[in-house]
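Both backbone and side-chain heavy atoms feed into the values below; hydrogens, waters and symmetry mates do not. In this chain, residues are counted from 1 in sequence order.
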Amino acid sequence: QVQLVESGGGLVQAGGSLRLSCAASGGTFGRFTMGWFRQAPGKEREFVAAITWSGGSTNYQDAVKGRFTISRDNAKNTVYLQMNSLKPEDTAVYYCGGSRSALIMTSQVWYNYWGQGTQVTVSS
């Protein structure tokens, strides 16, 4: 059974940075496409970024392009989301997901495994 555990969330002022981590266990992490999604209060969960198993391909939501960077370390079974120039509208619970698809998937329906989420709050 694959387990994903996110960490690194917190409270930060606008313009600040955070790095989220998602540690995987119990499965073949190196074969999964990994993604980050977020859900703000009263809103649907939305795609943020994803990375293929090799790290050779990434995709980002337009609102975070140029500010967020997704990366992975397969030796550590961990995927990261570096978030810079944070804005109040980035406030949400951030979830990492694992997909058995080899392709970048931006819809959560393609993700087979989920973490419990980590809160990110950006104050203005």
Side-chain angles (χ1 to χ4, degrees):
Q1 181 69 19
V2 174
Q3 291 188 325
L4 303 176
V5 179
E6 301 97 335
S7 61
L11 174 64
V12 64
Q13 288 188 332
S17 299
L18 284 174
R19 188 176 82 154
L20 305 183
S21 299
C22 173
S25 61
T28 52
F29 174 81
R31 296 181 182 177
F32 295 156
T33 287
M34 298 297 295
W36 286 96
F37 289 73
R38 66 187 181 186
Q39 187 167 18
K43 295 188 176 181
E44 298 286 325
R45 188 177 297 190
E46 64 177 4
F47 171 78
V48 176
I51 186 168
T52 52
W53 69 270
S54 66
S57 181
T58 58
N59 194 12
Y60 297 91
Q61 180 199 118
D62 286 346
V64 308
K65 283 180 181 177
R67 299 188 298 121
F68 290 10
T69 303
I70 189 171
S71 62
R72 66 190 296 163
D73 184 339
N74 287 343
K76 296 183 178 179
N77 286 353
T78 301
V79 63
Y80 305 96
L81 185 68
Q82 177 66 45
M83 305 186 296
N84 299 329
S85 302
L86 282 161
K87 304 176 181 180
E89 51 263 43
D90 295 318
T91 294
V93 178
Y94 283 71
Y95 298 90
C96 76
S99 172
R100 291 194 290 263
S101 170
L103 304 175
I104 292 285
M105 293 298 177
T106 60
S107 171
Q108 60 179 317
V109 301
W110 294 103
Y111 287 77
N112 309 98
Y113 309 103
W114 292 97
Q116 81 290 348
T118 186
Q119 177 71 47
V120 171
T121 303
V122 184
S123 63
S124 57

Spacing of OG belonging to Ser71 relative to CG belonging to Asp73, to within rounding of 0.5 Å: 8.5 Å
Partner of Tyr94 under side chain to side chain donor-acceptor pair (under 3.5 Å), chosen from Gln119, Arg38, Gln39: Arg38
Whether Thr33 side chain and Leu103 backbone form a donor-acceptor pair below 3.5 Å: yes
Inter-residue atom distance Ser54.OG - Arg31.CZ, 0.5 Å rounding: 14.5 Å
Same apolar cluster (I L V M F W Y, side chains within < 4.5 Å links), Met105/Tyr95: yes
Heavy-atom donor-acceptor pair, Arg45 side chain to Val93 backbone, under 3.5 Å: no
Heavy-atom donor-acceptor pair, Glu6 side chain to Gln116 backbone, under 3.5 Å: yes
Thr121 side, atom OG1; Asp90 side, atom CG - distance, nearest 0.5 Å: 11.0 Å
side-chain contact (heavy atoms from CB on, under 4.5 Å) between Val64 and Met83, intermediate numbers included: CA-CA 8 Å; Val64 308; Met83 305 186 296; over 6 Å; no
Where Thr91 and Val122 come nearest, the two heavy atoms and their spacing: OG1-N, 2.9 Å
Stepwise side-chain contact (heavy atoms from CB on, under 4.5 Å) check, Phe32 with Val79: CA-CA 11 Å; Phe32 295 156; Val79 63; over 6 Å; no
Atom of Leu4, atom of Cys22 and distance for their closest heavy-atom approach: CB-SG, 3.9 Å
Interatomic spacing from CE in Met34 to CG in Leu81 - rounded to 0.5 Å: 11.5 Å
Point-to-point distance, once rounded to the nearest 0.5 Å, from OG of Ser124 to CD of Gln13: 9.5 Å
Single-linkage hydrophobic cluster Leu20~Val12, side-chain heavy atoms < 4.5 angstrom: yes
Pairs involving residues 99-111, ordered by first then second residue, that meet side chain to side chain donor-acceptor pair (under 3.5 Å) (sequence neighbours left out): Arg100-Tyr113
Closest non-hydrogen atom pair between Asn84 and Gln82, with its separation: OD1-NE2, 2.9 Å
Smallest separation among heavy atoms of Arg67 and Leu86, with atom names: NH1-CA, 3.8 Å
ring-ring contact (aromatic ring centres under 6.0 Å, His included) partners of residues 39-80, not counting sequence neighbours, each pair once: Phe37-Phe47
Verdict with supporting geometry, Asp62 and Lys65, salt bridge (Lys or Arg N to Asp or Glu O under 4.0 Å): CA-CA 5 Å; Asp62 286 346; Lys65 283 180 181 177; 3.0 Å; yes
Other ILVMFWY residues reachable from Leu11 by side-chain steps of under 4.5 Å: none
Shortest non-hydrogen contact from Thr58 toward Ile70: CG2-CG2, 3.8 Å
Heavy atoms from other residues, nucleotides or ligands near CD of Gln3 exceed 12 (cutoff 6.0 Å): no
Contact summary for Ser85 and Ser17, nearest pair of heavy atoms: N-OG, 4.3 Å
ILVMFWY network linking Ile51 to Trp114, side-chain heavy atoms under 4.5 angstrom: no
